[in-house]
Amino acid sequence: WAKADGKARWTLFDPERNANRMTRQSLSSTLRQAVERGEFTLEYQPLVALDGGRLRGVEALVRWEHPRFGRLAPNRFISLAEENGSIVQLGRWVLAESCRWARAWHKDHPEAPPFVSVNVAVRQVWDSDLVGDVAAVLDETGLPPALLQLELTESAVMGSTGRPLQALYALHEMGVRIAIDDFGTGYSNLAYLSRLPVTALKLDGSFVRGFRSREHPNPADETIVEALVQLAHRLGITVTAECVESAEQAERLRRIGCDTGQGWFYSRPVAPDRITAMLGGG
Ligand code: C2E
Ligand code: MG
Ligand code: MG
Ligand code: MG
């Protein structure tokens, strides 16, 4: 029993684990204030037409400029914000800020404006007036609804009834685009999704990773992606591939018929003025 006891004690007093827990607690308890203090920034990552290379849209990705810990990636705080409910407040800010920039890009480039794609957490669909928030922001900014895309995960919409389903239809009615994020990591029930007002699928990065190398092509993954793209297109749904890191991946995706690509091959997430520059607006 001595050994078991020792092990338990060691786990209990593991300093690294303890520090980690304290950091999480500290982050969690200051999230709300951080929204009010404006400690968050957004970077934007291009979504590029695989055929022709035009900038179609940009995804807004949040970062926390923490006064003590420096810049934090969303995987450090989004789940905490979901747990304590501050995601609703943070999500509202992300939505408003993204739409302000999208409106500016639209003004500069009315002939081919990029849409802005905003990640929406499950809790924003269930616990807040997402439809009301979106309507208010579109009204305030004057952004055409078609230039806003909302990214929801499969888990947020699968088995949707009641409130989330009503919200999806209301947003669709408004003309907002609805994308399923990280598609392929959850239930992946395209038959079910086809009954929802979904306009785009974002294929999870694991698919593209599956056909990364020339020496070890993975025909299974390419075949699956090709079939998914064909089925999505028949349902009137466009397809974006995430995590495109090489020219070869981009070319294979283009041949398969995938519509847009997003990833380091095109651009890392960047500050909004860099997007303005890419559009040629200086
Ligand atoms: P996501 O929505 O699937 O976003 C794509 C993630 O992949 C981003 O990570 C992006 O930087 C990263 N990425 C892009 N291209 C490549 C590539 O070529 N290779 C690799 N390895 N990665 C690439 P990021 O910015 O760290 O965001 C992580 C996740 O945090 C997002 O995944 C999204 O689920 C969540 N998130 C980000 N911003 C928000 C937000 O404003 N609200 C909510 N609710 N969630 C957010
Ligand atoms: Mg996303
Ligand atoms: Mg994604
Ligand atoms: Mg992802």
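Whatever order the structure lists them in is the order used to number ligands and atoms, beginning at 1.
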Subject >> Proximity of E43 to ligand 1 by residue part, where a heavy atom lies under 4.0 Å >> reply: neither
Original post:
Looking only at non-hydrogen atoms, which of P269, P74, A121 approaches atom 35 (C) of ligand 1 most closely?
Top reply: P74
Subject >> Lys/Arg-Asp/Glu bridge criterion (N-O < 4.0 Å) met for E65, R71 >> reply: yes
Original post:
If Ile, Leu, Val, Met, Phe, Trp and Tyr residues are connected whenever their side-chain heavy atoms lie under 4.5 Å apart, and connections chain through other members, are M174 and F115 in the same group?
Top reply: yes
**OP:** Say whether G91 and ligand 1 are in contact under the criterion: heavy-atom distance to a ligand atom below 4.0 Å.
**Re:** no
**OP:** Compute the angle centred on the Mg ion (ligand 2) spanning OE2 of E59 and OE1 of E151, and express it rounded to 10 degrees.
**Re:** 90°
Subject >> ligand 1 versus D181: contacting region, heavy-atom distance under 4.0 Å >> reply: side chain
**OP:** Look at the aromatic rings of Y44 and W105 and report parallel, tilted or perpendicular, splitting at 30° and 60°.
**Re:** perpendicular
Original post:
Given D204, N119, T153, which has its nearest heavy atom closest to atom 45 (N) of ligand 1?
Top reply: N119
**OP:** Give the atoms of ligand 1, by number and element, whose distance to some non-hydrogen atom of R63 is under 4.0 Å.
**Re:** 25 (O)
**OP:** State the atom name: nearest N, O or S atom of E242 to the Mg ion (ligand 3).
**Re:** OE2
Original post:
Regarding Q45 and Q262, is there a side-chain donor-to-acceptor distance under 3.5 Å anywhere?
Top reply: yes
**OP:** List every atom of ligand 1 that sits less than 4.0 Å from any heavy atom of V94, numbering the atoms from 1 in the order shown and giving each element.
**Re:** 41 (O)
Original post:
Is the shortest side-chain N to carboxylate O distance from R32 to E36 below 4.0 Å?
Top reply: no
Subject >> Atom name of the N, O or S atom in D181 that lies nearest to the Mg ion (ligand 2) >> reply: OD2
**OP:** For atom CZ of R100, decide whether the heavy atoms of other residues, nucleotides or ligands shown that lie under 6.0 angstrom number more than 12.
**Re:** yes
Subject >> Modelled atom types, side-chain donor and acceptor of Q89 and W93, under 3.5 Å >> reply: no
Original post:
Does E59 come within less than 4.0 Å of ligand 1, judged by its heavy atoms?
Top reply: yes
Original post:
Does CZ belonging to R24 count more than 12 external heavy atoms closer than 6.0 Å?
Top reply: no
Original post:
Taking 2.8 Å as the cut-off, does an N/O/S atom of S117 lie below it from the Mg ion (ligand 2)?
Top reply: no
**OP:** Please name the atom of D182, restricted to N, O or S, that is closest to the Mg ion (ligand 3).
**Re:** OD1
Original post:
Any heavy atom of N75 sitting closer than 4.0 Å to ligand 1?
Top reply: no
Original post:
For the side chain of R209 and the backbone of D204, is there at least one donor-acceptor N/O pair under 3.5 Å apart?
Top reply: no
Subject >> Pairing of E59 and K202 as salt bridge, 4.0 angstrom limit >> reply: yes
Original post:
Should you measure from each heavy atom of Q45, which atoms of ligand 1 turn up under 4.0 Å away?
Top reply: 14 (C), 15 (N)
**OP:** Could you list which atoms of ligand 1 come closer than 4.0 Å to a heavy atom of E245?
**Re:** 17 (C), 18 (O), 19 (N), 20 (C), 21 (N)
**OP:** State plainly whether one hydrophobic cluster holds both L168 and V137, where clusters connect Ile, Leu, Val, Met, Phe, Trp and Tyr through side-chain heavy atoms under 4.5 angstrom apart.
**Re:** yes
Subject >> Contact check: L61 vs ligand 1, nitrogen or oxygen atoms, below 3.5 angstrom >> reply: no
**OP:** Determine, using heavy atoms of R268 and all atoms of ligand 1, whether some pair is separated by less than 4.0 Å.
**Re:** no
